[in-house]
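Everything below concerns the one structure shown next.
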Amino acid sequence: MMYHRGAEFAAIVEEVTGRLKHFFQTESDVFVITSSGTGGMEAAVVNTISPGDKVLAVSAGKFGDRFAEIAETHKAQVIRLNFPWGQAADPGVIADALRTDPDVRAVLVTHNETSTGVTHDLEAIARVVSTTDALLLVDAVSSLGALDLPVDAWGCDVVVTGSQKSWMVPPGLAMVSVSPGAWDAVARAQAPRFYFDFTAMRRSATRHFTPFTPAVSLFYGLQEALRLMWAEGRDNIIARHARVGAHTRAGVKALGLEILPDEAYASNTVTAVRVPEGITPQRLRQVMAEEYDVILAGGQDHLADLIVRIGHLGAVVEADIDDALEAMAKALRKLQK
Ligand SMILES: Cc1ncc(COP(=O)(O)O)c(C=O)c1O
């Protein structure tokens with residue numbers, strides 16, 4: 001393995017960070033942390049809040065709930081604003097909640113709720129939050145790099161994504177951006193932190209290093225993936241995901257199946273499909289995996305017996321979706337016999 005305190009590795013960190021800033025559409029700091037996406041979410045929380053701070057946690061699914069749990073773990077006073085799973089968060093309701101509690105210090109939002117296949121209207125939510133003093137912390141684990149998220153233009157303070165999603169790299173890296181407003185909060189925030197301390201990351205970043213031993217091999221992967229993404233171009237990547245998302249939804253409907261969320265806010269990175277009565281999602285996934293080599297995700301929590309999820313982010317084109325849907329059609333026919 002390359003020495004992680006040498007010039008060769010520093011050059012990788014410098015290149016990767018520069019390209020990530022382009023994809024985050026930010027001039028602010030971006031750090032690559034050796035952890036899964038959840039570690040990045042915890043970093044966002046522990047660096048910006050103090051025990052007892054009021055935090056508004058917007059959730060309409062598994063990952064929105066996780067963000068709330070992290071803030072509760074760190075003793076924030078969490079106001080949970082829940083929307084039904086499969087629906088999008090209503091920015092008007094968020095505005096009302098912030099009017100009711102004007103001392104909210106941070107708003108936690110999921111951009112793309114992977115558990116339900118919903119993309120929340122982050123731009124509208126960010127506009128609401130920008131009229132207050134609250135920070136906006138965004139879980140963009142399954143959106144950034146595939147969906148448009150201009151971090152600076154929308155005024156997002158901490159944005160978190162994960163290597164295994166749009167970035168096409170194995171799991172193990174979280175990437176986070178930190179706005180100037182978030183840095184002000186870091187200076188005040190009293191939540192205990194050591195491994196996830198942004199200040200330590202910033203200090204090391206001046207020399208293009210990481211505070212602790214990084215997952216060096218994953219950095220090589222990220223460097224290569226970002227070169228591929230650079231060659232394709234940010235706008236082209238976003239347009240391809242929009243095309244593939246629409247293609248997936250059309251294909252699912254052509255099979256006579258229903259998509260869980262309203263199409264107005266259906267995600268372009270993951271499609272949640274209702275499984276027809278009489279067939280269990282578990283059995284459908286099993287047949288597709290064993291007989292056709294197509295791996296789908298199941299539903300989480302109360303959606304476990306209702307849906308399967310088709311992931312279409314990263315290196316995915318329409319032909320991949322056609323293969324997956326053909327396998328789904330065959331598996332359904334087999335199970336309906
Ligand atoms: C929206 C969202 N947030 C958070 C996570 C958690 O990321 P990780 O599993 O990398 O910790 C995921 C993982 O699928 C996700 O999709």
Side-chain angles (χ1 to χ4, degrees), residues 20 24 31-46 55 57-74 80 82-83 85-89 106-122 125-126 136-149 151 156 158-177 195-196 214-215 218-219 221-222 225 241 245 260-261 265-272 285 295-301 303-304 307-314 316:
L20 282 172
F24 275 67
F31 302 123
V32 182
I33 308 172
T34 294
S35 82
S36 80
T38 305
M41 294 161 76
E42 183 151 26
V45 168
V46 295
V55 166
V58 178
S59 178
K62 181 84 179 167
F63 295 107
D65 285 358
R66 180 174 301 176
F67 223 171
E69 282 164 36
I70 292 170
E72 279 163 1
T73 301
H74 291 284
R80 286 191 184 234
N82 292 332
F83 295 88
W85 289 34
Q87 289 187 21
V107 179
L108 314 183
V109 184
T110 321
H111 184 198
N112 187 76
E113 182 48 80
T114 323
S115 64
T116 61
V118 164
T119 303
H120 296 300
D121 186 351
L122 181 61
I125 295 169
L136 178 59
L137 312 186
V138 181
D139 167 358
V141 169
S142 63
S143 63
L144 226 163
L147 309 184
D148 195 27
L149 202 187
V151 166
C156 303
V158 182
V159 178
V160 182
T161 183
S163 56
Q164 77 274 27
K165 295 289 197 297
S166 317
W167 313 95
M168 304 176 287
V169 179
L173 297 176
M175 293 85 94
V176 299
S177 64
Y195 185 76
F196 288 125
L218 297 181
F219 277 74
L222 185 57
H241 281 86
L260 176 75
Y265 37 77
S267 166
N268 285 329
T269 62
V270 54
T271 297
R285 289 172 57 222
I295 311 292
L296 298 187
Q300 287 155 303
D301 294 352
L303 295 179
I307 63 166
V308 291
R309 291 175 299 145
I310 306 171
H312 36 87
L313 77 177
V316 181

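Both counts, for ligands and for their atoms, begin at 1 and track the order of listing.
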Query - Polar contact flag, side-chain donor to acceptor under 3.5 angstrom, T161-W167 - result: yes
Requested in this report: Would you mind checking if E72 and R80 are paired as a salt bridge, meaning a charged N to carboxylate O distance below 4.0 Å?
Outcome: yes
Query raised in the report: Under the ring pair (Phe, Tyr, Trp, His ring centres under 6.0 Å) test, which residues partner F63, sequence neighbours left out?
Result: none
Query raised in the report: Is S166 reaching over with its side chain to a backbone N or O of L144, donor-acceptor style, under 3.5 angstrom?
Result: yes
**Report entry** Donor + acceptor pair across side chains of H241, T269 (<3.5 Å)
**Finding:** no
Report summary line: In chain-and-number order, ligand 1 lies under 4.0 Å from a heavy atom of each of S36, G37, T38, M41, F63, R66, T110, N112, T114, D139, V141, S142, Q164, K165
Query raised in the report: Does the Q87 side chain pair with the main chain of P261, one donor and one acceptor, at a distance under 3.5 Å?
Result: no
